[in-house]
Amino acid sequence: MYYAYKYRLKPSDAHRKELDRHRDICRQLYNHTLYRLNEYQDEHGELPSMTTLRSELPDLKKWWDGLSDVYSKVLQTVVERLFDNLNSLSKLKENGYGVGKLNWKPPREFRSFTYSQSGFKLDKKGGQTVLSLSKLADIPIRLHRNIPDDANLKQVTVKKEPTGEWFATFGVQIDREPPEPTENPEKCVGIDVGILKYAHDTDGTAIESLDLSDERERLEREQRKLSRKQHGSNNYEKQRRRVAECHADLRRKRRDFLHKLSNYYAREYDLVAVEDLNVKRMMESPSNSRDTASAAWRTFLSLLEYKCEREGTHFVAVNPRGTTKECASCGVLTDKPLWVREHCCPACGFEADRDANAAWNILSRGLEDVGVGHSESAPVETALPVDTSVSAKRVVEAGSPTLKERTASAVSE
C-alpha cells in the first residue's frame, strides 16, 4: 500500500533562502514549459507529449543560469506536474464542467517541489536527523513518528505553507498487503453524521461536534486587522502571516479530531456503514452551508475508508435517502422537520433518538450491501442499547478525555 508521512522541517535562515530559490526556479520552469506547450500546439496543431518537453531540459541548462543548480529529477517532476494539471482539466471537461486553460504561476501559488526516486535520504548528522536533498542542503527534520522499517521511500515533496513553515511529505510504499475483511463480521456499526452531534452510532454513542467558535472569532478578528493594513507593506505581510496561522490552527484541530474518530471506528469494528453523502450539493444549499463546510464530512469519509482498508474492516457507503424518515423497526416512512429530534413511528410505536434511528437504517442497508444475513424476526428495538429511547446511551464531547482515551492509538496517524 502507498502512504504519505508528513514531517516539519527546521531550516536555518540560509536553508530558507536556498529553499525559496529552488522553489522559484521550479516555478519559472513550469511557466516556461507551459509557454513551450502552447507554442508547440500552435505550430503542430496538437499537444506535445511529456517526453518531448522533458527532453528539452538538457539544452535549457546551457543558457539558463541557475537551472543546473537544481537536481535533474526535480526538474522532470515539474514537467510532469504540468501534464498532471492538464489531465485534471480534461477530466473536469469530460464530466461537463466549464474549464478554461492553464495560467502562469505567480510565486504565491507555486509552493512545492518534489524529489522522485532519488536525490534524497534521511541521515544522522551532528546528533540530529536531517533530510539530505541533493544540490540543496542537509535540513534538520522533526521525525515525530517513525517510518516503518520495511517501507520503501519513493519520493519526498518539500512545501512552504502560507505561514512560512516548511514541511516534507514522504511517499512511502509498503509491500505487505492489508488484512482481508472477515466474511462474517461480528462487530458492526452504523454511523449517522450531523451538525448538532457529529456522529451517532448504533452502539448508542453520540460524539459532539468540535467547538471551533473561539478559533473562528480569532480568525475573523485578524482578518479585519489585515483589511486595514496597506497592501504590500511590512505590517501587511506580518498580519497576513498571522491570518495564515489562524487558518492553519483551525485546519489542524479539525483534522486531528477526524483522524482520531475515523481511526477508532476502523480499529474497533469489523464492519462500518456510513452515508454516501453528496456534500457538494449540500454546500450549494442557501442554509447551513458554513456549518456543512466546517463539519468536513467528505474528509471524514475519505479518512475512514482508507483506514478501514488498512485495518481489514468492511467499509460500506449506503444511499442516504430516507434514512431519517424510515422507521428502523417496521420500515414505515414518516416526514418530520429538522427541529424534531425524536423518532416516533405512528405504525408500530417505536421511539428513539432521530439520529439513532437513522444509524440503524444505515447499518441495515450496509449489511444488505455486503450480503451479511441477519434475523428478520427480531425487531430493531431489541438490539438497541439500554435506555436509548429518545436520547443516546452516552454522549462524548469532542476533545474530551474519554474520546482521547478511546482513540489514543491514533495519535501516530
Side-chain angles (χ1 to χ4, degrees), residues 1-6 144-151 170 172-194 197-210 252-277 295-318 355-356 359-360 362-367 369-370 372 374 383 385 392-413:
M1 294 186 68
Y2 194 83
Y3 298 100
Y5 285 73
K6 186 175 181 180
H144 62 277
R145 58 173 173 168
N146 294 325
I147 297 177
D149 296 333
D150 58 345
F170 292 91
V172 176
Q173 181 72 42
I174 299 180
D175 295 333
R176 63 177 183 271
E177 293 296 325
E180 290 292 332
T182 178
E183 295 182 1
N184 298 309
E186 296 180 359
K187 297 182 65 177
C188 304
V189 66
I191 306 173
D192 177 69
V193 294
K197 295 172 186 167
Y198 191 86
H200 200 304
D201 62 35
T202 49
D203 279 351
T205 302
I207 307 296
E208 294 285 357
S209 294
L210 193 63
R252 289 168 184 167
K253 289 183 178 180
R254 184 182 294 115
R255 289 191 68 88
D256 178 70
F257 167 70
L258 296 179
H259 269 296
K260 290 179 178 179
L261 185 61
S262 59
N263 194 73
Y264 164 73
Y265 281 115
R267 292 189 175 183
E268 290 296 320
Y269 294 94
D270 300 324
L271 182 146
V272 179
V274 295
E275 297 171 286
D276 188 12
L277 296 173
W297 291 323
R298 178 50 56 187
T299 302
F300 171 66
L301 297 181
S302 300
L303 295 176
L304 183 60
E305 183 177 7
Y306 94 78
K307 291 177 190 291
C308 285
E309 180 183 1
R310 183 189 63 192
E311 300 296 332
T313 301
H314 287 282
F315 174 85
V316 190
V318 304
D355 297 332
W360 278 104
I362 293 168
L363 177 58
S364 178
R365 295 182 185 185
L367 293 173
D369 290 348
V370 176
V372 178
H374 57 286
K393 184 178 179 181
R394 56 187 179 275
V395 177
V396 181
E397 293 183 3
S400 66
T402 305
L403 181 60
K404 291 180 180 178
E405 291 171 2
R406 297 172 64 192
T407 59
S409 58
V411 174
S412 62
E413 291 303 308

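Treat the numbers as computed from the prediction; the structure is a model and nothing was measured.
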What closest approach, in Å, do [X] and [Y] show between heavy atoms, and which atom pair accounts for it?
X: Arg145; Y: Lys6; value: NH2-N, 4.0 Å
X: His200; Y: Ala359; value: O-CB, 3.4 Å
X: Leu367; Y: Cys188; value: CD2-SG, 4.1 Å
X: Pro185; Y: His314; value: CG-CD2, 4.1 Å
X: Gly366; Y: Ala273; value: CA-CB, 4.1 Å
X: Ser209; Y: Gly194; value: OG-O, 4.2 Å

Enter the distance from [X]:[atom1] to [Y]:[atom2] here, rounded to the nearest 0.5 Å.
X: Leu301; Y: Leu258; atom1: CG; atom2: CG; result: 10.0 Å
X: Glu311; Y: Asn263; atom1: CD; atom2: CG; result: 6.5 Å
X: Leu261; Y: Ile191; atom1: CG; atom2: CD1; result: 7.0 Å

Is there a side-chain contact between [X] and [Y] in this structure, where contact means two heavy atoms from C-beta onward sitting under 4.5 Å apart?
X: Arg267; Y: Arg310; answer: yes
X: Pro148; Y: Tyr5; answer: yes
X: Ile174; Y: Asp150; answer: yes
X: Trp297; Y: Tyr198; answer: yes
X: Asp201; Y: Tyr265; answer: yes
X: Val274; Y: Val193; answer: no

Between Asp203 and Tyr269, a side-chain donor and acceptor under 3.5 Å:
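There is such a pair (donor and acceptor under 3.5 Å, judged by atom type) between the side chains of Asp203 and Tyr269.
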Report, as yes or no, whether the 6.0 Å neighbourhood of atom CZ on Arg255 holds more than 12 heavy atoms from other residues, nucleotides or ligands.
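No - once you tally the heavy atoms of other residues, nucleotides and ligands closer than 6.0 Å, there are 12 at most.
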Heavy atoms from other residues, nucleotides or ligands near CG of Asn146 exceed 12 (cutoff 6.0 Å):
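No - once you tally the heavy atoms of other residues, nucleotides and ligands closer than 6.0 Å, there are 12 at most.
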If the condition is side chain to side chain contact (heavy atoms under 4.5 Å, CB included), which residues does Asp276 pass it with, not counting sequence neighbours?
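Listed in chain order: Arg298, Ala317.
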For Ser262, side chain to side chain contact (heavy atoms under 4.5 Å, CB included) partners two or more places apart
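Per chain and number, Ser262 pairs via side chain to side chain contact (heavy atoms under 4.5 Å, CB included) with Phe300, Leu303, Leu304, Lys307.
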Give me the one residue out of Thr182, Leu363, Thr313 that meets side-chain contact (heavy atoms from CB on, under 4.5 Å) with Leu271.
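Checked Thr182, Leu363, Thr313 against Leu271; only one passes side-chain contact (heavy atoms from CB on, under 4.5 Å): Leu363.
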Asp270 side-chain N/O to Glu186 backbone N/O, donor-acceptor pair under 3.5 Å:
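Yes.
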Between Asp256 and Lys260, is there a salt bridge with N-O shorter than 4.0 Å?
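Salt bridge flag = yes for Asp256 with Lys260.
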Evaluate side chain to side chain contact (heavy atoms under 4.5 Å, CB included) for Phe257 paired with Ile207, printing each intermediate quantity in order.
CA-CA 11 Å; Phe257 167 70; Ile207 307 296; 4.0 Å; yes
